[in-house]
Amino acid sequence: MQPIHARYPFLAESRQAVEAADVNLAALIAEDEAVVARGVERVEWAITEGTVGDPHRRTRVELLSYPVARVVVSLVDQHVLTRKYAAAEAATAHERFTEELAARTEFKSAGGDRLSMRSLLDEFDLSGDVRPVADAGGAGGGTGAAGSAATAADGVAETYRVDVGAYLDLAADQRGDEWRLVNRALDRGEVPVAGDELLALLRQGVRHRVADGLPLSVPDAIADELTAEVASVEETLSELELTREIDTVVPELFPPCMKHLLDQVQKGEHLEHHSRFAIASFLTSIGMKTDEIVDLFQVNPGFGEEATRYQVDHIRGATGPTDYSAPSCATMQSYGDCVNMDDRCERISHPMAYYEQTIDESDEDELEDWREQQNDDADSEA
């Protein structure tokens, strides 16, 4: 087991190192408290901090804590935890390989037990789909194309060209207009990306790798040994403040009240002030921009762009000290805006909690942001 295996436990060679050590997982969990403690720590840090914490000083403990963490996540078996854990492992890996590859770019001889861009691309079967763009003056101490290619094999080049198929796969989860293919200079089936953008795409590759196969099927003998640890993680998860930043607009997952109000807006129906406030504050809370919300209200009777823009900016706190959140379920009920209640409504007290739950329980790879659909429709018409 080498330090590189502990730093990047998702690598195929890391898994092979564990297999070569002939580790009995059941015995490990029953007998090695340090490995179990570090595995649980990985999961709890993923919940609270979005990373997997500082590495253990012993390589063996750090590496073996990864399969233990995956077992714990599987036993808890909640979509929100799987998502957070995979994202945290990816975030930690991204921070580590960004630092290591930057060192390789600056110091060509930086090597030994370090990751290279060549090996990272090989790991995700991308070597044939990603190529560095040679610069005229060379890079990393080389000359011209040869120097640039040599540097990119170990460190990070300034620019890459990515096969469009591979790009679409890796960019599918990225949020932001800059990742949309229509905003990229597609040329002969290749998409140009900057070096840091390629690393961001590889971060998504890590997240997919970590999430693959979760939840695992865990034997009862192992599950019994981890009863207390699973309970601890479940408690940490239950205490988590789920009101988080959301930047995904999927109307079919809205709570019934907001789905109804959005439908009324799109039909051009007149809404009372409290209803307009409710839907506008909800939409700002899930990441919609002022321009996007103003466009929605254009079909409403008595629409005034300047007044509507001011009201939406006021709700999001752009023109004052207060950032208004969407009304609670109790407030929605008092104003008569709570309609079409379903079973989930009985278990929550706020429309944002409803939406967060439906988002967390959905397959993130299958979520399609409503704004992207609108943009695609506009592109097609153009």
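The structure presented is a predicted model; accordingly, all values stated were derived computationally and were not measured. Scope of the values below: all heavy atoms of this structure, side chains included, with no hydrogens, waters or symmetry mates.
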**Q.** Evaluation steps, side-chain hydrogen bond (donor to acceptor under 3.5 Å, both in side chains), between Thr331 and Ser334
**A.** CA-CA 5 Å; Thr331 301; Ser334 68; 5.1 Å; no
What side-chain donor-acceptor pairs closer than 3.5 Å can you find for residues 67-75, not counting sequence neighbours?
residue : atom : partner : partner atom : Å
Arg70   : NH1  : Val210  : O            : 2.4
Arg70   : NH2  : Asp212  : O            : 3.1
Ser74   : OG   : Arg70   : O            : 2.8
Ser74   : OG   : Leu216  : N            : 2.7

Q: Could you check whether the rings of Phe254 and Phe282 sit parallel, tilted or perpendicular, using 30° and 60° as the cut-offs?
A: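 Perpendicular, since the angle between the ring planes exceeds 60°.
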Q. Once the angle between the rings of Tyr8 and Phe10 is folded into 0 to 90°, is it parallel (under 30°), tilted (30 to 60°) or perpendicular (over 60°)?
A.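 Perpendicular.
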Holding to side-chain contact (heavy atoms from CB on, under 4.5 Å), I want the full list of residues that pass it with [X], two or more places apart in sequence or in another chain.
X: Thr290; result: Val294, Arg309, Val312, Asp313, Arg316
X: Leu120; result: Phe97, Leu101, Leu115, Phe124, Leu202
X: Arg347; result: Asp343, Arg344

[X] side-chain N/O to [Y] backbone N/O, donor-acceptor pair under 3.5 Å:
X: His5; Y: Gln2; value: yes
X: Glu62; Y: His56; value: yes
X: His350; Y: Ala326; value: yes
X: Arg96; Y: Arg7; value: yes
X: Arg184; Y: Pro192; value: yes
X: Arg276; Y: Leu271; value: yes
X: Thr308; Y: Glu305; value: no

Just list the side-chain donor-acceptor pairs under 3.5 Å for residues 256-268, sequence neighbours left out, or say none.
residue : atom : partner : partner atom : Å
Lys259  : NZ   : Glu252  : O            : 3.2
Asp263  : OD2  : Lys267  : NZ           : 3.1

Are [Y] and [X] connected in a single hydrophobic cluster, I mean Ile/Leu/Val/Met/Phe/Trp/Tyr linked by side-chain heavy atoms less than 4.5 Å apart?
X: Leu198; Y: Trp179; value: yes
X: Val191; Y: Leu168; value: yes
X: Leu186; Y: Val162; value: yes
X: Trp45; Y: Val43; value: no
X: Ile286; Y: Ile348; value: no

**Q.** Partners meeting side chain to side chain donor-acceptor pair (under 3.5 Å) with Asp342 (sequence neighbours left out)
**A.**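 Asp342: side chain to side chain donor-acceptor pair (under 3.5 Å) contacts with Tyr354.
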Q. Heavy-atom distance under 4.5 Å between the side chains of Asp32 and Leu64, does that happen here?
A.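 When only atoms from C-beta onward are counted, Leu64 and Asp32 do not touch, as no gap falls below 4.5 Å.
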Q) When Thr236 is tested against each of Val76, Val40, Leu81, Ile47 for side chain to side chain contact (heavy atoms under 4.5 Å, CB included), which residue passes? A)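 Of all the options given, the one that passes is Ile47.
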Q) Between Pro215 and Asp77, what is the shortest heavy-atom contact and its length? A)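 Closest heavy-atom pair between Pro215 and Asp77: CG-OD1, 3.4 Å.
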**Q.** Donor on one side chain, acceptor on other, Glu89 and Tyr85, under 3.5 Å
**A.**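 Yes, a side-chain donor-acceptor pair sits under 3.5 Å.
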